[in-house]
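Contents: one structure, followed by commentary.
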There are 2 protein chains.
Amino acid sequence: MITPYFLENFWGDKNNGFDVLYHNMKHGQISSKELSEFIRERATIEEAYSRSMTKLAKTASNCSQLGTFAPVWDVFKQSTEKLGACHMELVRKLQELIKEVQKYVEEQAKNHKKTKEEVASTLEAVQTIQSVSQALQKSKENYISKTLEQERMRKEGATQRDLDKAGLKVKKATETYKSYVEKYATAKTEFEQRMTETAQKFQGIEEEHVLRIQEIIHSYCQSVEETHIQIGEVQEEFVKNMENTSVESLIQKLAESKGTGKERPGPIEFEECNVSIATEGLNEFFSLFPFSFLLLCREHIEYNFTLISLISSLYNNSFRMLVL
Amino acid sequence: MITPYFLENFWGDKNNGFDVLYHNMKHGQISSKELSEFIRERATIEEAYSRSMTKLAKTASNCSQLGTFAPVWDVFKQSTEKLGACHMELVRKLQELIKEVQKYVEEQAKNHKKTKEEVASTLEAVQTIQSVSQALQKSKENYISKTLEQERMRKEGATQRDLDKAGLKVKKATETYKSYVEKYATAKTEFEQRMTETAQKFQGIEEEHVLRIQEIIHSYCQSVEETHIQIGEVQEEFVKNMENTSVESLIQKLAESKGTGKERPGPIEFEECNVSIATEGLNEFFSLFPFSFLLLCREHIEYNFTLISLISSLYNNSFRMLVL
C-alpha cells in the first residue's frame, strides 16, 4: 500500500489541487504517446542499421573471390548478415510492443473519459467552495464597511432618519454575511469529502498508469537485452570461425583450388624414328575409318605433312586420344 | 613450419604455376583494400547509428516534463546518449584501424614491387622452358616428317640425287631436334631451381600477408567486442535505474513538485465587527506613511470603501502582508 501522497498534498488555500491532479492524469496520455513515439523511433534506427548491415554483407560477398583471402570473406558475409538479422528481429519485437502501447493509449483515453464523468461532482464542489469563499469574503467586507459607516455617521451627529437607514443596511449585510458562513460550512464539508475520494482515485489511476508504463519499459528492455545476447553470439561465432581459419588452411585451400599440377617437367630424351612402327601405326589409324572413305583420301593423306605430324604423335602413345 | 603447398602444387605440364602464384600475390593487395573498405563502411554505419541515437536522446529530453512520468525520460535520455557514445567510440577505433590497414596497403605495394624484381629471372626461366618445349616438339615433328618422306621416296624408287637431298634434310632435322633436347635439359634444370625458390618465396609472402590480415581482423573483433561490453553495461545501468524508479517514488516526486498545499480549508465563523479595534487599526495603518501624504489623503481615504475592505482584513491578522 502506497502512502496517500495525493490525498496529503493537494489541498492549499486556493483549492487548486483538483485541477493539478486532473491535468496530471491527462499528462499520462501524453507520456504514453511519447513513449510509443520513442520506441517507434528506436525501431526506425534499428531497421536502418539492419538494412545497412545486410548491404555490407553483400559488399563482403562481392569482394574478390580470388586469392588466399577469399574464404575469409564468406565468414565476414555470414556474420554481417546474421548481425543484420539480429537487429531486424529487434525491429519486429519493438513493432509488436508499439501495438501494445497503442492499445494501452486507447484504453487510457477511455478510462480518462469515464473518470472525467466520475469526478464531475468533485469539480462542482471545487467551484462551489471557490465561489462561496469569495462571496463570503465580500459579504464580510461589506458587513464591516456598513458597520464603520454607521459609526462614522453617529460620530458626525447624523439625523435619526439617516442612522436608521444605515442600521438597516448593517442588518442586511450581517444577514448576508451569516448566510455565506453557513453556505461555506456546507461547501467545505462537501469539498473535503469529494476531494478526499477523488485524490485517492487519481492516485490509483496514476499508480496503475506508472505500472503499465513500467511493464512496457520492461518489455522494451527485454527485447533490447535479447538482441544484445544474440549479437554477442554472432560475434563469438565470428571470432571462432576466424580462429579456425588458420594461415595453413588458407594456403592449403588456395593450393588445392588454384594448383596447376604436382608433376615437375620430366626429362626428354632424343627418340630415333622407327620407320616400320610409324608406318604400321599409320595403317592401324586408317583401319578405324570405312573403306570407301579411305579410298577417297588415303593417297592424298599419306603425303600430307599435317597428318605426318599426327603420326609422329603415335610414337608418344597418344594415338587413342587423337582419334577420340 | 607450414607444409610447402606452393612448392608442391604449382608445377603441371603448361608450367603456368608461376603466373598463378604471382597473380595470387597481387590479389593480396586487392584483399587489403577491400578489407579497408569493409571496415570503413562498418564505421560509416556505426556513425549513422550513433548520430541517430544522439538525436533520439534529444527527443527523450524534449518529452513532456509534466506528469508522473517526467523523471523517467531523464533515464531514457542518459541511457540513449551513452549508447550513442559507445558506437561513436567504436567509430573512432575503426578509423584508427583503417589508418593501420592503409599503412599496410602501401607497405604491401612496395614489397610486391620489390618481389617482382626478385622473381624476374624465374619469369625468364618459365618463358624459356615454355618456348624451348614448343620448339623441341616442333623440331621432333619435323625430324619424323623428314624421315618418313625419305622412306616414301625410297619405296617409290626416287633418284639417288633426290634421295641424297632428302637425306641431308633428315640430317639437319636430327641436329636441330638434338640441340633442342639439350636446350630443354638446361631450361628444365634452371626452371626447376628458380621455381622451387620462387614458390617458397611466394608462400612466405602469402603467409605473412594472411598473418597481417588476421592481426587486423583480430583488432577489428576486439573493438567490436569492447563496444559490445560497453553497450551491455549501459543497458544494465538503464535496467537498474528503471528498477530504482518505483511507482511510489514517482508518485511522491510529483506530489512534492506539483503539490498545492497540505492544509485543508479551515472552518470560518461569523466575526462581529469591533468598531474601536477597527478604527485603532486604521490609525496604526496611517502611522506608517509620512505626515504630509496623510494630510493630503486621510480625509478622502477614511470614507473610501476600498480602504475599508483593507481594514477589514486587518481583523484577520493579515495587516503586515497587505502593507508590504
Side-chain angles (χ1 to χ4, degrees), chain A residues 2 5 8-12 16-17 20 24 27-28 30-31 34 41 45 49 52 56 63-64 66-69 141 144-145 147-148 151 178 181 184 188 192 206-207 210-211 217 221 228 232 239 242 247-248 250-252 255 258-265 268 270 273 275 305 308-309 312, chain B residues 2 5 8-12 16-17 20 24 27-28 30-31 34 41 45 49 52 56 63-64 66-69 141 144-145 147-148 151 178 181 184 188 192 206-207 210-211 217 221 228 232 239 242 247-248 250-252 255 258-265 268 270 273 275 305 308-309 312:
Chain A
I2 293 179
Y5 291 104
E8 287 168 0
N9 291 280
F10 291 89
W11 301 103
N16 275 338
V20 174
N24 179 60
H27 286 138
I30 298 174
S31 292
E34 282 175 338
E41 191 54 41
I45 294 170
Y49 188 76
S52 299
L56 182 62
C63 277
S64 181
L66 301 164
T68 323
F69 195 59
E141 284 161 11
I144 293 168
S145 122
T147 311
L148 287 178
E151 179 62 16
K178 277 187 175 164
V181 167
Y184 174 79
K188 176 189 166 310
E192 220 175 323
E206 210 51 38
E207 284 173 19
V210 175
L211 273 173
I217 296 173
C221 284
H228 186 71
V239 172
M242 280 299 168
V247 177
E248 175 139 13
L250 288 174
I251 300 272
Q252 187 182 6
K258 298 275 187 274
T260 51
K262 287 173 184 289
E263 292 291 314
R264 298 186 182 207
I268 302 180
F270 174 79
C273 179
V275 177
F305 284 167
I308 289 174
S309 313
S312 77
Chain B
I2 293 178
Y5 292 104
E8 288 168 359
N9 291 282
F10 291 89
W11 301 104
N16 275 337
V20 173
N24 179 60
H27 285 137
I30 298 174
S31 293
E34 282 174 340
E41 191 53 40
I45 294 169
Y49 188 76
S52 298
L56 183 61
C63 277
S64 180
L66 300 164
T68 323
F69 196 58
E141 284 161 10
I144 294 167
S145 123
T147 309
L148 289 177
E151 179 63 15
K178 277 186 174 165
V181 168
Y184 173 80
K188 175 189 165 314
E192 221 176 321
E206 210 52 37
E207 285 173 17
V210 175
L211 273 173
I217 295 173
C221 285
H228 186 72
V239 172
M242 281 299 168
V247 177
E248 174 138 15
L250 287 174
I251 300 272
Q252 187 182 5
K258 299 273 188 274
T260 51
K262 286 173 185 288
E263 292 292 314
R264 299 187 181 206
I268 303 180
F270 174 80
C273 180
V275 177
F305 282 169
I308 288 173
S309 312
S312 77

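No experiment lies behind these values; they were computed from the predicted model shown. Chain letters run A, B, ... following the sequence lines, proteins first and then strands; every chain starts at 1.
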Counting only non-hydrogen atoms closer than 4.5 Å, does [X] touch chain B with its backbone (N, CA, C, O), its side chain (CB onward), both, or neither?
X	answer
Ile45(A)	both
Tyr184(A)	side chain
Lys262(A)	both
Leu56(A)	both
Val247(A)	both

For this session: Give the intermediate values and the outcome of side-chain contact (heavy atoms from CB on, under 4.5 Å) for residues Thr68(A) and Asn24(B).
Result: CA-CA 7 Å; Thr68(A) 323; Asn24(B) 179 60; 3.3 Å; yes

For this session: Tell me, for Ile30(B) versus chain A, whether the close heavy atoms (under 4.5 Å) come from the side chain, the backbone, both or neither.
Result: side chain

Exercise. Non-hydrogen atoms of chain A under 4.5 Å away: do they reach the side chain of Lys188(B), the backbone, both or neither?
Worked result: side chain

Exercise. Do the side chains of Glu34(B) and Phe69(A) get nearer than 4.5 Å, heavy atoms only?
Worked result: no

Exercise. Can you tell me if Glu192(A) uses its side chain to pair, donor with acceptor, with the backbone of Pro265(B) under 3.5 Å?
Worked result: no

If you count heavy-atom pairs within less than 4.5 Å of chain A, which of [options] leads?
options	answer
Ser31(B), Ser52(B), Gly12(B)	Gly12(B)
Leu211(B), Ile217(B), Val20(B)	Ile217(B)
Gln252(B), Lys258(B), Glu207(B)	Gln252(B)

Problem set entry | Nearest-0.5 Å distance, CD of residue Glu248(A) to CD1 of residue Ile2(B) | 5.0 Å

Problem set entry | Value rounded to 0.5 Å, distance of CD1 in Ile251(A) from CD in Glu206(B) | 5.0 Å

Exercise. After noting the C-alpha distance and the side-chain angles of Glu263(B) and Trp11(A), does the key distance pass the side-chain contact (heavy atoms from CB on, under 4.5 Å) rule?
Worked result: CA-CA 6 Å; Glu263(B) 292 292 314; Trp11(A) 301 103; 5.5 Å; no

For this session: For the residue pair His228(A) and His228(B), categorise the inter-ring angle as parallel (less than 30°), tilted (30 to 60°) or perpendicular (more than 60°).
Result: parallel

Seminar exercise, completed: Nearest heavy-atom approach of Thr260(B) to Gly17(A) is OG1-CA, 3.5 Å

Problem set entry | Minimum heavy-atom distance Gly259(B)-Phe10(A), with the two atoms named | CA-CE2, 3.6 Å

